[in-house]
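Keep in mind that the numbers below use all heavy atoms, side chains included, and drop hydrogens, waters and symmetry copies. These numbers come from a predicted model, not from an experiment.
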Amino acid sequence: MASSPPSRRSFLALSGLTALSVSLTAACGGGASGSAPAADGKVALTWWNIATTEPGRSLFPQLSSAFTAAHPNIAIKTTSLENEAFKSKMTAVTSSGRLPDVFQTWGGGVLRQQVDAGLVEDLTDAFGWSSDLTPVSLQPYRFEGRTYAVPYDIGMVGFWYNKKLFARAGITAPPATWAELLEDVGKLKAAGVTPIALAGKEKWPGHFYWAYLAMRVAGLPALGQAAAAKDFTGEGFVRAGSHLKELVDLQPFQPGFLGAGYAAPGGQAATMGNGKAAMELMGQWAPSVQKDAGTDLGADLGFFPFPTVDGGAGRVTEVLGGGGGFALRKGAPKEALDFLRFFVLENQTRLVASNGYLPVVKGAESGLADTNRRAVADSLVGATGFQLFLDQAYPPAVGQEVNDSVADLIAGKKTPQQVTTSITEAAKGV
């Protein structure tokens with residue numbers, strides 16, 4: 001696929017970590033962690049990323065080389081790791097308090113733990129060009145009004161659908177409400193079409209449904225309030241599970257979905273890409289994974305936002321999503337932020353043109369030629385609210401319980417009430 005989808009499982013909870021004290025605005029820092037001045041007197045930066053697939057695998061080194069060519073006093077030592085290997089290595093170095101100067105982050109609960117441990121640089125005062133970036137792209141990296149990372153990619157989850165299969169079922173327009181979605185599931189089944197592809201084995205794709213329904217029923221603020229109060233047992237969250245059960249009871253998923261992976265052969269993406277299902281609820285990376293795992297649907301592929309729920313507090317312009325960013329270790333050389341400015345702001349056109357990333361710079365969405373990518377980008381620009389994936393937004397143990405409990409609901413092993421009770425118990429245990 002074009003770029004690795006955001007990882008769903010998070011680092012181990014952090015404890016007893018060493019806080020570092022050198023400021024970003026201080027002289028180029030060596031010290032006990034991160035980088036040290038190179039032997040030739042250059043400023044040496046360590047950069048860890050997850051660019052192991054195209055286009056990042058080729059593009060990221062090109063941008064790094066271009067930066068060091070323009071700044072011969074700086075040397076960058078790059079480490080590129082696959083998602084799971086990256087997380088494992090970051091867990092080890094985080095526990096020792098020795099983070100790289102610049103490192104991949106998805107924001108949310110894990111970044112918050114690193115910030116609370118004093119290991120991450122507060123960029124707020126030094127990050128003057130943040131006003132050039134879209135507010136939604138910065139949100140996963142902000143806590144109490146302070147910014148701790150620079151985004152380079154942002155996206156959202158929505159329904160990807162097969163226009164040809166919709167037409168076969170007599171559906172002329174995507175559903176705007178949950179009730180209409182359920183009606184369309186019935187029409188698709190009546191036409192002999194599997195309505196929805198789902199990777200039940202991997203759990204995180206299923207959590208998108210409960211998260212969006214909670215946003216649409218209880219309202220976006222309720223998710224933050226529940227996390228703060230460590231109580232997800234409110235009526236709106238129970239109703240979200242009840243609506244999901246309505247869908248599950250219609251048996252909308254492909255045969256064997258509980259054992260299906262996401263990008264694996266015969267999994268969710270392949271089922272969708274091969275035209276064997278009419279819809280999948282997935283992030284902006286969906287078309288590239290469909291193409292890799294199955295077939296490129298081309299002009300038959302469309303996109304629509306998650307529907308509203310009648311009587312619910314949420315709006316269709318409130319989106320669930322996430323992206324990629326880079327944080328700096330506490331005391332990183334000031335040149336590290338210069339590198340991120342070059343990478344993100346001065347090379348946004350190259351990032352967008354690669355078809356692997358969606359724009360974070362205001363106005364850059366106009367450079368998107370692909371209709372579906374533009375639809376996602378326009379939805380993000382017009383978003384009135386943004387919620388980071390729940391299994392990233394919350395502490396790791398809580399996020400995992402969301403995934404596990406929602407998977408149990410979909411499998412018929414838990415009731416909507418039991419889902420909210422289990423998540424609450426996990427939250428109280430953090």
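Contact check for Gln114 versus Tyr148: no side-chain heavy atoms found under the 4.5 Å cut-off. In this structure the side chain of His243 reaches within 4.5 angstrom of the side chain of Trp178, judged on heavy atoms. For the pair Arg146 and Asp125, the minimum side-chain heavy-atom distance is below 4.5 Å. Considering only heavy atoms from C-beta on, Pro416 comes within 4.5 Å of Leu409 through its side chain. Leu337 has its side chain out of reach of Arg341: every pair of non-hydrogen atoms, C-beta onward, lies at least 4.5 Å apart. Looking at heavy atoms from C-beta onward, Leu281 lies out of side-chain contact with Leu198 at the 4.5 angstrom threshold. For the pair Val406/Lys203, no side-chain contact is recorded, criterion being any heavy-atom separation below 4.5 Å from C-beta on. Thr78 is not listed as a side-chain neighbour of Pro61, based on a closest heavy-atom distance of 4.5 Å or more.
Here the side chain of Thr415 pairs a donor or acceptor atom with the backbone of Gln418 at under 3.5 angstrom. With Arg315 contributing its side chain and Thr384 its backbone, the two residues share no donor-acceptor pair below 3.5 Å. Not a single donor-acceptor pair under 3.5 Å links the side chain of Gln62 to the backbone N or O of Leu59. Checking side-chain atoms of Ser422 against main-chain N and O of Val419 turns up no donor-acceptor pair under 3.5 Å. Not a single donor-acceptor pair under 3.5 Å links the side chain of Asn274 to the backbone N or O of Lys276. Here the side chain of Asp153 pairs a donor or acceptor atom with the backbone of Leu358 at under 3.5 angstrom. A donor-acceptor contact shorter than 3.5 Å is absent between the side chain of Asp132 and the backbone of Lys362. Side chain of Gln268 to backbone of Tyr262: no donor-acceptor contact under 3.5 angstrom is found. Under the 3.5 Å distance criterion, the side-chain polar atoms of Arg373 are matched with a main-chain donor or acceptor of Tyr357. No donor-acceptor distance shorter than 3.5 angstrom exists from the side chain of Glu401 to the backbone of Ile423, with no hydrogens or angles considered.
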Next on the checklist: The test is side-chain contact (heavy atoms from CB on, under 4.5 Å); show your working for Leu380 and Ile154 and say whether it passes.
Outcome noted: CA-CA 8 Å; Leu380 285 163; Ile154 188 64; 4.2 Å; yes

Checklist entry - Going through the checks in order, is the side-chain contact (heavy atoms from CB on, under 4.5 Å) test met by Leu368 and Asp370? => result CA-CA 6 Å; Leu368 292 169; Asp370 180 80; 6.0 Å; no

Item to check | Chi angles and distances behind the side-chain contact (heavy atoms from CB on, under 4.5 Å) call for Leu182, Glu246 | outcome: CA-CA 8 Å; Leu182 299 181; Glu246 290 174 349; 3.5 Å; yes

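One finds a salt bridge joining Glu144 and Arg112 here, because a Lys/Arg side-chain nitrogen approaches an Asp/Glu carboxylate oxygen to under 4.0 Å.
Between Thr177 and Asp310, the side chains place no donor N or O within less than 3.5 Å of an acceptor N or O (distance only, hydrogens not considered). Side-chain N/O atoms of Lys77 and Thr46 include no donor and acceptor closer than 3.5 Å. Judged by distance alone, the side chains of Thr91 and Thr94 never bring a donor and an acceptor atom under 3.5 Å apart. Remark: the Gln139 side chain and the Gln387 side chain contain no N/O donor-acceptor pair separated by less than 3.5 Å.
Between the CZ atom of Phe103 and the CG atom of Leu81 there is a distance of 14.0 Å, given to the nearest 0.5 Å. The distance from the CD atom of Gln290 to the CG atom of Asn162 is 9.0 Å, given to the nearest 0.5 Å. Separation of atoms CD1 (Ile196) and CD (Gln254) is listed at 10.0 Å; rounding is to 0.5 Å. For the atom pair CG of Asn49 and OG1 of Thr105, the computed distance is 13.0 Å after rounding to the nearest 0.5 Å. Annotation: the span from Leu345 atom CG to Leu133 atom CG amounts to 6.5 Å, rounded to 0.5 Å. Note: Met156 CE to Glu318 CD = 11.5 Å, rounded to the nearest 0.5 Å.
In summary, the aromatic rings of Trp47 and Phe60 are positioned with their centroids under 6.0 Å apart. Separation of the Phe67 and Phe339 ring centroids falls under the 6.0 Å cut-off.
Using bins of under 30°, 30° to 60° and over 60° for the plane-to-plane angle, the ring pair Trp48/Phe86 lands in the perpendicular bin. By the 30° and 60° cut-offs, the orientation of the rings of Phe306 relative to Tyr212 is parallel. Below 30°, between 30° and 60°, or above 60°: for Phe237 and Trp210 the angle between ring planes is below 30°, a parallel geometry. A parallel orientation is assigned to the rings of Phe326 and Tyr152, their planes being inclined by less than 30° (bins at 30° and 60°). Under the 30°/60° scheme for interplanar angles, the aromatic rings of Phe127 and Trp129 are found to stand perpendicular.
Of the options Val150, Thr147, Leu138, a side-chain contact (heavy atoms from CB on, under 4.5 Å) to Ser130 is made by Leu138 and by none of the others.
More than 12 heavy atoms of other residues, nucleotides or ligands shown are found within 6.0 angstrom of NZ on Lys230. Around atom CZ of Arg350, more than 12 heavy atoms belonging to other residues, nucleotides or ligands sit under 6.0 Å away.
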